[in-house]
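Below: one structure, written as structure tokens.
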Amino acid sequence: GEQPGLGMQLMAREEANLRSAMQCAFRRGLRREGQWLADTLRRYLERAGRSRERDLLAAWVHTQTPEEVLDEAACAAILQHAWALFTQGKAQEAVGMVQELLARLESQGLAGGDDPAFQIALSYAHLGRIYHHAGRADLALAPLQRAILGFEHMAGEAAAGNLAAALGDLVNAYHGLGRYDLALQAAERALDMMVLAMHVRRDRAAQRDK
């Protein structure tokens, strides 16, 4: 948020309560709520430099969201666990997990008939990010471009934010390949999307304050 230092202090004080609430949510079968709490805790651990605990959290959440029910919570758990595996040096396993998720989303869709478009775009973005950080910028281009194309056709703050992030990853991939003109074009688009996302957040905050 706008006060990250205060947010980190609050999380440090309430971490135990957040963990308890997360565990309670999963025990009650509230997968989406549990995932939201887990994501908040994951972001805190990441910013606090507690990467080992972040990865353990990702592995635990993955066990709490059986993949037989492929909903939003299961997708998030798979993607976060895949990234944790990658940071542990298991790049091929991480890539395989994301590719398997994409295959299921594109062939089966989401549980309950929900539109899988956002999760498909998000999965392609994760795949591209893994390839890039693994030193394979050449392999990162195609999935990142697929992710960008998907997010471009969606409305809302989440799509705008993820579009900016995917564009940022594309900038890095192009730069790593020495394709500087394309990197500059992608950077300009990423900046535009970040400004748009900022305006959306401010407008929503203004509406809440009224």
Side-chain angles (χ1 to χ4, degrees), residues 1-28 30-65 71-91 94 97-98 101 118-119 121-130 132-134 144 147 151 154 156-172 190-191 193-202 204-205 208:
E2 296 181 357
Q3 297 179 303
L6 183 60
M8 290 294 288
Q9 291 175 24
L10 180 62
M11 280 297 304
R13 188 180 68 194
E14 298 295 334
E15 180 180 345
N17 289 331
L18 186 69
R19 287 182 181 273
S20 295
M22 175 187 69
Q23 292 165 1
C24 181
F26 279 117
R27 282 199 303 270
R28 294 182 178 181
L30 303 174
R31 292 159 58 103
R32 178 176 295 183
E33 291 79 358
Q35 184 59 51
W36 287 340
L37 291 166
D39 191 54
T40 300
L41 180 58
R42 177 188 62 81
R43 292 173 185 273
Y44 163 69
L45 294 172
E46 191 169 272
R47 286 164 173 74
R50 295 161 61 182
S51 56
R52 183 174 180 276
E53 293 175 72
R54 176 205 62 196
D55 294 346
L56 289 173
L57 173 67
W60 182 82
V61 172
H62 188 238
T63 66
Q64 304 303 305
T65 50
D71 56 9
E72 179 184 325
C75 291
I78 292 168
L79 293 176
Q80 289 171 15
H81 187 44
W83 182 254
L85 289 174
F86 171 72
T87 63
Q88 296 166 23
K90 302 176 182 178
M97 284 189 70
V98 181
L101 174 59
F118 182 81
Q119 295 300 330
L122 195 61
S123 299
Y124 274 116
H126 274 72
L127 183 58
R129 191 168 299 131
I130 290 171
H132 169 66
H133 285 279
L144 287 173
F151 289 132
M154 301 176 199
E157 183 180 350
N162 279 287
L163 175 56
L167 283 165
D169 289 328
L170 188 63
V171 170
N172 294 329
L191 179 60
M193 294 311 305
M194 285 189 289
V195 170
L196 176 60
M198 180 182 68
H199 286 314
V200 170
R201 285 196 297 270
R202 286 183 176 177
R204 288 187 176 180
R208 287 196 301 268

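- Residues Arg54 and Thr87 form a side-chain contact, since some pair of their non-hydrogen atoms from C-beta on lies under 4.5 Å apart.
- Here the side chains of Asp55 and Arg52 are not in contact, with every heavy-atom distance at 4.5 Å or above.
- Here the closest heavy-atom approach between residue Ala190 and residue Gly168 is recorded as CB-N, 4.2 Å.
- Contact of the Gln35 side chain with the Val61 side chain is registered, since non-hydrogen atoms from C-beta on lie closer than 4.5 Å.
- Contact between Ala25 and Leu37 at its shortest, heavy atoms only, is CB-CD1, 4.4 Å.
- Arg32 CZ: 12 or fewer foreign heavy atoms inside a 6.0 Å radius.
- Rounding to the nearest 0.5 Å places CE of Met22 at 14.0 Å from CD of Glu33.
- Of all heavy-atom pairs between Leu144 and Ala125, the closest is CD2-O, 3.9 Å.
- Looking at Phe151 and Leu167, their side chains never come closer than 4.5 Å, going by heavy atoms from C-beta outward.
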Would Arg42 and Asp39 count as a salt bridge (Lys or Arg N to Asp or Glu O under 4.0 Å) here? Give the steps. CA-CA 5 Å; Arg42 177 188 62 81; Asp39 191 54; 2.6 Å; yes
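- Counting heavy atoms from C-beta on, the side chains of Phe118 and Glu72 never come closer than 4.5 Å.
- Of all heavy-atom pairs spanning Ala147 and Ala121, the tightest one is CB-O, 3.3 Å.
- In this structure, CD1 in Ile78 is found 9.5 Å from CD in Gln119, a value given to the nearest 0.5 Å.
- If you take CG on Leu79 and CE on Met97, they are separated by 8.5 Å, rounding to the nearest 0.5 Å.
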Evaluate the criterion side chain to side chain contact (heavy atoms under 4.5 Å, CB included) for residue pair Met11 and Thr40; output intermediate values, then yes/no. CA-CA 9 Å; Met11 280 297 304; Thr40 300; 4.0 Å; yes
Could you go through His126 and Phe86, starting from their C-alpha distance and side-chain angles, then the distance that decides it, and tell me whether this counts as side chain to side chain contact (heavy atoms under 4.5 Å, CB included)? CA-CA 11 Å; His126 274 72; Phe86 171 72; over 6 Å; no
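- Rounding to the nearest 0.5 Å gives a distance of 10.5 Å between CG of Leu101 and OH of Tyr124.
- The aromatic rings of His62 and His81 lie parallel to each other, their planes meeting at an angle below 30°, with 60° marking the opposite boundary.
- One finds the CZ atom of Arg50 at 10.5 Å from the CG atom of Leu57 (value rounded to the nearest 0.5 Å).
- Nearest approach of Ser123 to Val98, heavy atoms of both residues: O-CG1, 3.4 Å.
- When every heavy atom of Ala73 is checked against every heavy atom of Arg31, the shortest pair comes out as CB-O, 3.6 Å.
- Going from atom CD of Glu53 over to atom CD of Glu15 covers 6.5 Å, rounded to the nearest 0.5 Å.
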